[in-house]
Every structure is written in structure tokens, then in C-alpha cells.
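Protein chains get the first letters and strands the later ones, always in sequence-line order, with residue 1 at the start of each.
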Protein chains: 2
Amino acid sequence: MSTNPLLKGTLQTIILKLLEGNAEMYGYEITQKVKEVTAGEIMLTEGALYPALHKLEADGFLETFTQVVDNRVRKYYRLTEEGGKEVTSKLDEARSFIDQLQALLNLKPVVK
Amino acid sequence: MSTNPLLKGTLQTIILKLLEGNAEMYGYEITQKVKEVTAGEIMLTEGALYPALHKLEADGFLETFTQVVDNRVRKYYRLTEEGGKEVTSKLDEARSFIDQLQALLNLKPVVK
DNA sequence: TTTATATACATAATTTTGTTATGTATATAA
DNA sequence: TTATATACATAACAAAATTATGTATATAAA
């Protein structure tokens with residue numbers, strides 16, 4: 001898997017948002033979902049994804065449980081209550097940052 | 001000065017774009033312009049800005065000249081021809097990334 | 001007058017957060 | 001039996017920030 005350098009700083013937000021819309025997801029599923037939604041343009045690397053999931057769990061934003069499917073272990077993640085609040089907060093930040101960035105780069109779409 | 005963690009990866013693009021619209025700018029001027037355009041929400045740190053300018057120059061995208069104003073030295077930067085092409089390329093990347101990110105975060109504004 | 005703030009540059013130490021590489025293990029299609 | 005997909009994890013490394021520090025001048029405030 002390969003990634004975009006612009007991803008920096010947004011990975012946690014992406015994970016949290018996906019888990020807001022999906023109740024529970026496992027790591028590999030997250031990589032596939034991101035690939036699907038972005039038509040293959042954003043591919044999460046495992047070296048970035050798993051440490052990010054571990055950190056979100058350590059921070060109390062995610063909780064986990066495992067399940068064996070086809071003799072393979074899946075580790076499912078879901079939002080904690082704290083995590084639910086964090087989604088809102090991170091989304092606000094992302095929204096604001098995208099606005100400012102578009103202003104700086106003159107990419108602001110003209111509202112008709 | 002303080003910054004947004006989301007800035008990661010976009011600083012060079014911001015610098016290049018500002019220099020596309022301004023012919024020549026010096027470092028401090030860039031920090032002020034960014035602050036102004038983003039209503040103080042994005043503040044470039046000197047520890048990020050100056051190394052970024054030096055790198056863009058080393059890469060051949062910017063050229064410099066100095067000027068003394070009020071007994072203080074200013075180092076002006078302007079785009080090289082190579083730099084001009086790089087702006088287009090970086091902007092395309094940024095545009096695409098913002099699109100994908102908005103899709104993932106469900107922030108896509110509804111087109112009316 | 002001396003102190004804080006603004007202007008103007010630069011760099012070193014550190015931290016964050018990625019990429020790349022490697023490892024383990026099972027299932028399935030070629 | 002070999003490659004690819006599924007599924008996790010971590011170590012070595014690199015990029016790109018933050019934070020801290022340093023130099024120096026101009027100007028407004030205490």
C-alpha cells in the first residue's frame with residue numbers, strides 16, 4: 001500500500017469518522033473502505049493504520065473486541081463515548097482547515 | 001507562532017501559490033499574508049517556514065535576492081520557471097486530496 | 001530609559017506521523 | 001507451488017512539523 005504525503009494529520013480523523021458511520025470495523029476493512037470511497041486514490045499503509053488505531057484506543061477514543069472468521073482473527077474497533085465527542089471536534093477542525101486552505105489556494109468553489 | 005497539525009504536507013503548496021500571485025515576497029511577509037487570509041487561523045512557525053523556503057530554493061523552484069530596508073535585511077523569493085510548473089502540479093494534488101478527504105468525511109458541499 | 005513588541009532572518013533539538021520493510025498466519029485462485 | 005488476498009503487528013527510517021534558542025534593528029509603551 002502507498003499513500004499521499006498530504007494524509008499527515010488527517011488519518012485519525014478519517015478513522016474516527018468511518019467508525020461514526022459504521023458502529024464497528026476492523027483494520028483491514030478500514031483500508032478497503034477508504035480505497036473504495038476514494039476510488040483507489042488514498043490507500044492506507046498498515047504501518048500507519050495499526051499504530052494509529054492503537055493510539056486512538058490508548059487515548060480512550062476506541063474500544064476493541066476480537067472475532068475469529070475463517071480461522072483468521074479480526075480485531076474490531078468501535079467508538080467509546082469519548083470517541084464520539086472526539087469525532088465532532090476533529091471534524092470541526094478538518095472543516096475549518098479545508099476552508100482556510102481553499103482560501104489560501106484560491107480553490108474555493110464559487111457558490112451559485 | 002503556533003500551527004495546526006493539519007498543515008503537514010501543505011506548506012510548500014501554500015508558499016508556491018502565494019508566490020504565483022505576488023511575483024516576490026519575503027519570509028516574514030508570507031507569514032503575515034497567511035495570517036491575514038486565514039483570519040489568524042493558520043499561523044506559520046518560523047521553524048517550518050524558513051527550512052521550507054530553503055528547500056524550495058535548493059530544489060530549483062525559487063530564486064532569491066536580498067534587499068535592505070530600514071537597516072534590516074529582507075530575503076525576497078520569486079518563482080523560477082520550474083517553480084511555475086510546480087505550482088500547477090502541487091495545486092492539482094491538493095485539489096484532488098481535498099476532494100477525497102471531503103468524500104471520506106462527508107463534508108462535500110451539496111452543489112445547488 | 002528600559003522593556004515589550006514588531007520586524008527579519010536562521011538553526012538545533014525534539015516530536016509527530018508518516019513510509020518502507022519485515023514478520024507471522026490462513027484462504028483461495030492461478 | 002506460487003501469487004494474491006485477508007489480517008494482524010512492529011521495527012527501522014524519513015519527512016516535516018513544533019519548540020526553543022540565537023542574532024539584530026526599530027519603535028511604542030511603561
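Among the protein residues, B/Gly47 comes within range of the nucleic acid bases, having at least one heavy atom under 4.0 Å from a base atom.
When the nearest nucleotides of DNA chain C are assigned to B/Leu53 and A/Asn71 by heavy-atom distance, the more 5′-ward of the two goes with B/Leu53.
Here C/dT16 presents its P atom at 8 Å from NZ of A/Lys55, a figure rounded to the nearest Å. Whole-Å rounding puts the A/Ile15 CD1 to C/dT17 C1' distance at 12 Å. Rounded to whole Å, atom C1' of D/dT10 lies 11 Å from atom CD of A/Glu46. C/dA8 atom P lies 14 Å from atom CZ of B/Phe65, rounded to whole Å. The distance from atom NZ of B/Lys35 to atom P of C/dT5 is 13 Å, rounded to the nearest whole Å. Atom P of nucleotide D/dA7 and atom CE of A/Met25 are separated by 12 Å, given to the nearest angstrom. Per the geometry, CG belonging to B/Leu49 stands 10 Å off C1' belonging to C/dC9, to the nearest Å. Rounded to an integer number of Å, the gap from CD1 of B/Ile30 to P of C/dA8 is 13 Å.
Between B/His54 and C/dC9 there is no side-chain N or O to OP1 or OP2 distance below 4.0 Å. Distances shorter than 4.0 Å separate some side-chain N or O of B/Lys75 from OP1 or OP2 on C/dA10. A close approach under 4.0 Å does not occur between any side-chain nitrogen or oxygen of B/Tyr50 and OP1 or OP2 of C/dA10. For the OP1/OP2 pair of D/dC8 and a distance below 4.0 Å, the side-chain nitrogens and oxygens of A/Tyr26 include no atom meeting the criterion.
In the set D/dT19, C/dA27, D/dC8, D/dT19 carries the atom at the smallest distance from any side-chain atom of B/Thr45. When distances run from any side-chain atom of B/Arg74 to the nucleotides C/dC9, D/dC8, D/dA9, the shortest one goes to C/dC9. Comparing D/dA7, C/dA8, D/dA16 by their nearest atom to the side chain of A/Arg72 picks out D/dA7. Picking from C/dT11, C/dT17, D/dA9 the nucleotide with the shortest atom distance to the side chain of B/Pro51 gives C/dT11. Residue B/Tyr77 places its side chain closer to C/dA10 than to any other of C/dA10, C/dG18, C/dA8.
With a cut-off of 3.5 Å on both Watson-Crick or G-U wobble distances, the partner of C/dT26 is given as D/dA5.
Formation of a donor-acceptor pair under 3.5 Å by the B/Gln102 side chain with backbone atoms of B/Asp99 is not found in this model.
A salt bridge links B/Lys55 and B/Asp59; the closest N-O separation between the charged side-chain nitrogens and carboxylate oxygens is under 4.0 Å. Under 4.0 Å is where a charged nitrogen must lie from a carboxylate oxygen, and between A/Glu93 and A/Lys90 no such pair does.
Between B/Lys17 and B/Leu91, some side-chain heavy-atom pair lies under the 4.5 Å cut-off.
No side-chain donor from either of A/Tyr76 and A/Arg78 sits under 3.5 Å from a side-chain acceptor of the other.
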